[in-house]
Amino acid sequence: MTSLDVSHGTEDSGPGGYAAARLRLLSEKERSGPSRRASLARLTDDWLAALYAAAAADTGVRGAALVAVGGYGRGELSPRSDLDLLLLHDGNDPAAVAALADRIWYPVWDLGLALDHSVRTPAEARGTAAEDLKVHLGLLDARPVAGDLGLVAALRTSVLADWRNQAPRRLPELDALCRERAERQGELQYLLEPDLKEARGGLRDVTALGAVAASWLADAPREGLAEARRVLLDVRDALHLSTGRATDRLALQEQDQVAAELGLLDADALLRQVYEAARTVSYAGDVTWREVGRVLRSRAVRPRLRAMLSGGRAPQPERTPLAEGVVEQEGEVVLARTARPDRDPVLPLRAAAAAAQAGLPVSRYAVRRLAQAAPPLPVPWPAEAREQLVTLLGAGEATVPVWEALEAEGIVTRLVPDWERVRCRPQRNAVHTWTVDRHLVETAVKASALTRHVGRPDLLLVAALLHDIGKGWPGDHSEVGETIARDIAARIGFDRADVGVVATLVRQHLLLVETATRRDLDDPATVESVAKAVGSASTLELLHALTEADALATGPAAWSSWRGSLVADLVRRAAAVLAGDTPADPEQAAPSAEQERLAMEALRTGEPVLALHTEPPAPAEDGEPEPVGVELLIALPDQPGVLPAVAGVLALHRLTVRAADLRAVELPTGAGETSVLVLNWRVAAEYGSLPQAARLRADLVRVLDGSLDIRGRLAEREAAYPRRRGITAPPPRVTVAPAGSRLATVIEVRAHDAPGLLHRIGRALEGAAVRVRSAHVSTLGANAVDAFYVTGTDGAPLGDTAARALAGSVEEALR
């Protein structure tokens with residue numbers, strides 16, 4: 001017994017002695033992990049055993065036992081874990097047993113420990129377990145703490161027998177419970193704030209796999225599972241100690257402290273470790289539940305019928321050929337009996353491609369055999385290997401489980417060594433749904449639906465798989481990724497020209513969406529720069545498809561019909577340049593008929609004129625409608641303060657700005673030409689309802705004549721609805737885009753999105769006495785990325801010094 005163990009003496013077995021010993025144990029860094037959990041369980045056992053002995057002597061109870069169940073029964077006692085206890089008794093003296101229970105429960109409560117307790121006879125325990133799956137699962141880990149050991153042993157024997165006898169009914173029930181929990185909590189291996197216990201791949205699933213093994217019906221893959229369980233428990237221990245709470249959710253604000261508690265470099269290193277563990281558990285679950293289903297289906301066929309069908313002999317499973325050396329057997333892809341993986345380096349990719357094309361999982365045993373026996377592919381790869389990789393990537397959703405099986409056995413990193421750098425790498429951006437590696441696979445899945453739109457689907461799929469491969473290295477991931485992709489494409493066996501195309505696609509994979517949403521497409525320099533970066537019409541076609549696939553695989557906030565239309569417009573213009581056409585000068589572009597009509601009305605009345613065009617909600621990729629949108633056209637006589645005035649009115653009416661364009665239309669009058677400003681806005685209603693044009697116009701008139709203090713009204717509303725506590729947003733950053741335009745200076749603003757942000761930017765630009773030619777607004781999650789084309793009062797771009805000063809003043813105004 002260690003010095004931290006509590007003896008059975010009266011003084012040390014009291015709450016104070018246990019509490020002091022517990023505190024000393026939890027304070028010892030060197031005792032963290034399984035050793036500390038086991039020591040804490042023993043320490044708690046000794047204290048509870050002493051409580052039980054004293055209480056049993058006082059109450060005269062015999063034929064009873066104190067039993068640890070659930071996590072405590074397994075000895076997984078984290079610092080803030082509940083104590084799951086069952087007081088088992090033979091039913092001879094219920095009143096004395098109730099008194100015995102009080103003598104045990106109250107000291108536990110007095111220490112502030114969470115307690116999950118019950119008092120039952122063996123028959124009652126079995127009856128409750130028969131009705132409640134969670135109770136049955138807890139009893140599978142029953143462990144005696146004190147009292148009649150024979151009573152506990154008999155209960156364990158009967159509970160295990162019940163579990164095995166009821167397995168055909170109970171295991172599907174447990175599978176459904178796991179699936180429902182996964183649907184509710186998400187997948188641990190992809191969540192930025194995962195629940196270590198409840199999410200798919202968490203501790204609950206580890207417990208479920210143990211229950212399957214206890215049924216003797218199937219068993220989980222043992223390799224790596226114990227280590228994954230240890231990692232998740234260690235992280236939970238550190239989370240309990242750092243927060244002082246019984247929590248299983250690894251919140252963002254706790255991750256750095258938990259990482260430090262575990263001696264890890266940072267929160268990203270922590271999440272990667274957690275994701276690796278969760279991935280091991282999830283894969284083990286997939287394999288195990290598939291085996292459970294196979295066994296139950298086999299048992300559903302009556303033995304006599306099976307014998308009749310097989311002529312009295314044991315039936316042989318049907319094997320259907322899928323590819324050379326690859327067959328289907330009982331719903332899984334396995335190796336043919338004649339397969340020689342030791343002589344066939346392409347077999348892993350051939351088997352994976354055949355499985356994905358057939359929509360079937362690959363047998364774990366087949367993948368393991370391939371990982372152990374197949375020799376490395378020669379460099380460069382033979383053509384068949386490259387073709388099989390493209391076939392695998394082009395299978396759509398069926399690619400994902402097959403890829404995960406290859407990853408679980410290390411085949412992916414053997415084929416693409418650079419994959420290890422992005423494996424389980426978190427993306428700390430609310431826009432992203434997946435880790436880097438899963439995002440790459442998802443992009444290939446989305447790209448597979450676009451292969452009929454491009455002339456080289458093989459290059460599209462490979463570029464989709466590699467476009468973010470540089471995120472595992474320091475520096476700009478597009479630049480770094482270009483070098484890595486060039487090397488991988490050459491290793492895969494593409495010729496020099498194709499390698500160059502893949503490298504360009506990886507280097508420029510953000511070019512179209514960033515340009516379309518942040519640049520003036522009417523500026524010839526914009527379109528010409530895109531055409532120059534892409535180089536050819538065929539590469540532009542591939543980049544267009546890759547852009548859409550990347551955005552769709554990122555998350556619902558990254559793509560919309562509006563963004564798609566902007567990118568398509570840019571692609572159309574860039575294709576024209578690549579075909580030899582010259583982009584039109586925006587200064588000479590004629591206004592539309594409606595813009596000219598509104599401008600004439602504004603000139604005649606001398607006041608703002610508005611037109612609203614409602615766009616019906618468009619179905620998004622996930623089936624959910626996008627917010628109701630509106631095209632808002634405003635024409636008014638040219639005057640200072642227009643941008644902040646309009647932006648302020650829109651913010652006051654809770655309209656979110658998607659894009660804005662300002663232009664001056666010269667109209668003839670008796671005294672010559674007069675300039676009228678025409679503003680084209682695309683806005684969305686924050687709460688789904690749109691204000692009337694008359695109300696917007698009335699408020700705009702009041703702002704322009706000074707009778708409505710828009711700045712004060714916005715400040716009042718912000719004060720009335722204070723920001724909720726959350727993560728601290730990084731400070732705004734305002735820069736001058738190099739070589740952004742020949743006609744204007746491009747000011748880029750990156751800031752945390754907030755109501756009135758565009759109003760404050762417009763006010764800062766107005767205060768600097770510059771003219772805003774156009775504004776291009778893009779919102780990604782909580783981040784606003786806006787670009788403003790500005791000129792001096794003479795209509796020319798700003799000088800370098802003036803441009804830098806302007807960027808500095810705008811940034812200061814946003815802090």
Side-chain angles (χ1 to χ4, degrees), residues 218 221 283-298 301 309-310 314-378 381-416 441-442 444-445 447-449 451-452 457-458 460-462 464-465 492-493:
Y283 178 63
D286 290 341
V287 171
T288 302
W289 288 116
R290 199 160 63 235
E291 178 66 10
V292 168
R294 186 190 66 77
V295 172
L296 292 180
R297 286 192 301 273
S298 175
V301 181
L309 293 174
S310 60
Q316 296 296 317
E318 184 179 350
R319 297 166 69 89
T320 304
L322 294 177
E324 182 183 351
V326 185
V327 299
E328 174 191 353
Q329 177 180 308
E330 294 186 308
E332 289 186 328
V333 171
V334 301
L335 299 184
R337 296 187 180 95
T338 57
R340 296 295 301 271
D342 56 322
R343 298 183 180 180
D344 189 353
V346 182
L347 187 55
L349 281 171
R350 191 185 310 122
Q357 288 293 314
L360 295 171
V362 187
S363 161
R364 169 176 166 261
Y365 304 102
V367 178
R368 172 146 300 181
R369 186 180 172 200
L370 289 168
Q372 293 172 346
L377 283 165
W381 290 7
E384 185 198 355
R386 187 172 64 256
E387 290 165 3
Q388 296 294 349
L389 174 65
V390 171
T391 301
L392 169 62
L393 297 177
E397 293 291 344
T399 299
V400 176
V402 175
W403 189 271
E404 288 178 342
L406 299 183
E407 269 205 293
E409 299 297 338
I411 293 178
V412 169
T413 49
R414 194 171 73 183
L415 293 170
V416 186
V441 177
E442 288 289 333
V445 169
S448 68
T451 52
R452 299 296 183 269
D458 56 337
L460 170 63
L461 292 168
V462 171
L465 185 70
I492 288 174

Roughly how far, to the nearest 0.5 Å, is [atom2] of [Y] from [atom1] of [X]?
X: L465; Y: L460; atom1: CG; atom2: CG; answer: 11.5 Å
X: E330; Y: L360; atom1: CD; atom2: CG; answer: 12.5 Å
X: R414; Y: E409; atom1: CZ; atom2: CD; answer: 11.0 Å
X: S363; Y: E291; atom1: OG; atom2: CD; answer: 9.0 Å

Qualifying residues under salt bridge (charged side-chain N to carboxylate O under 4.0 Å, His left out), relative to [X], sequence neighbours excluded:
X: E387; value: none
X: R290; value: E332
X: R340; value: D342

Looking at [X] and [Y], what are the two nearest heavy atoms and their distance?
X: A447; Y: A464; result: CB-CB, 4.0 Å
X: P348; Y: A374; result: CG-CB, 3.7 Å
X: A352; Y: L392; result: O-CD1, 3.7 Å
X: L393; Y: S448; result: O-CB, 4.0 Å
X: W381; Y: L349; result: CZ3-CD1, 3.7 Å

- Contact list for residues 396-408, test salt bridge (Lys or Arg N to Asp or Glu O under 4.0 Å), sequence neighbours left out: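 Listed by first then second residue: R279-E407, E404-R438, E407-R423.
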
- Pairs in or reaching into residues 349-365: which pass salt bridge (Lys or Arg N to Asp or Glu O under 4.0 Å), with residues at least two apart or in two chains?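 As it turns out, the salt bridge (Lys or Arg N to Asp or Glu O under 4.0 Å) pairs with a partner in residues 349-365, which skip direct neighbours, are E223-R364, D344-R350, R350-E384.
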
For [X], all residues meeting side-chain contact (heavy atoms from CB on, under 4.5 Å), sequence neighbours excluded:
X: P457; result: T451, V454
X: V326; result: L322, A323, V333, L347, A351, A354
X: A408; result: Y283
X: P382; result: V346, L377, P378, A385

- Message: Donor-acceptor pair, distance only, cut-off 3.5 Å: does the side chain of R319 make one with the backbone of V327?
- Response: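 Not a single qualifying donor-acceptor pair exists.
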
- Given L370 and L335, is the side-chain contact (heavy atoms from CB on, under 4.5 Å) satisfied, shown in steps? CA-CA 9 Å; L370 289 168; L335 299 184; 4.1 Å; yes

- Item | Qualifying residues under side-chain hydrogen bond (donor to acceptor under 3.5 Å, both in side chains), relative to Q388, sequence neighbours excluded |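 Once residues adjacent in sequence are excluded, Q388 has no partner under the side-chain hydrogen bond (donor to acceptor under 3.5 Å, both in side chains) criterion.
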
- Sequence neighbours excluded - ring pair (Phe, Tyr, Trp, His ring centres under 6.0 Å) pairs with any residue from residues 388-415: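 Listed once each, the pairs are W403-W419.
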
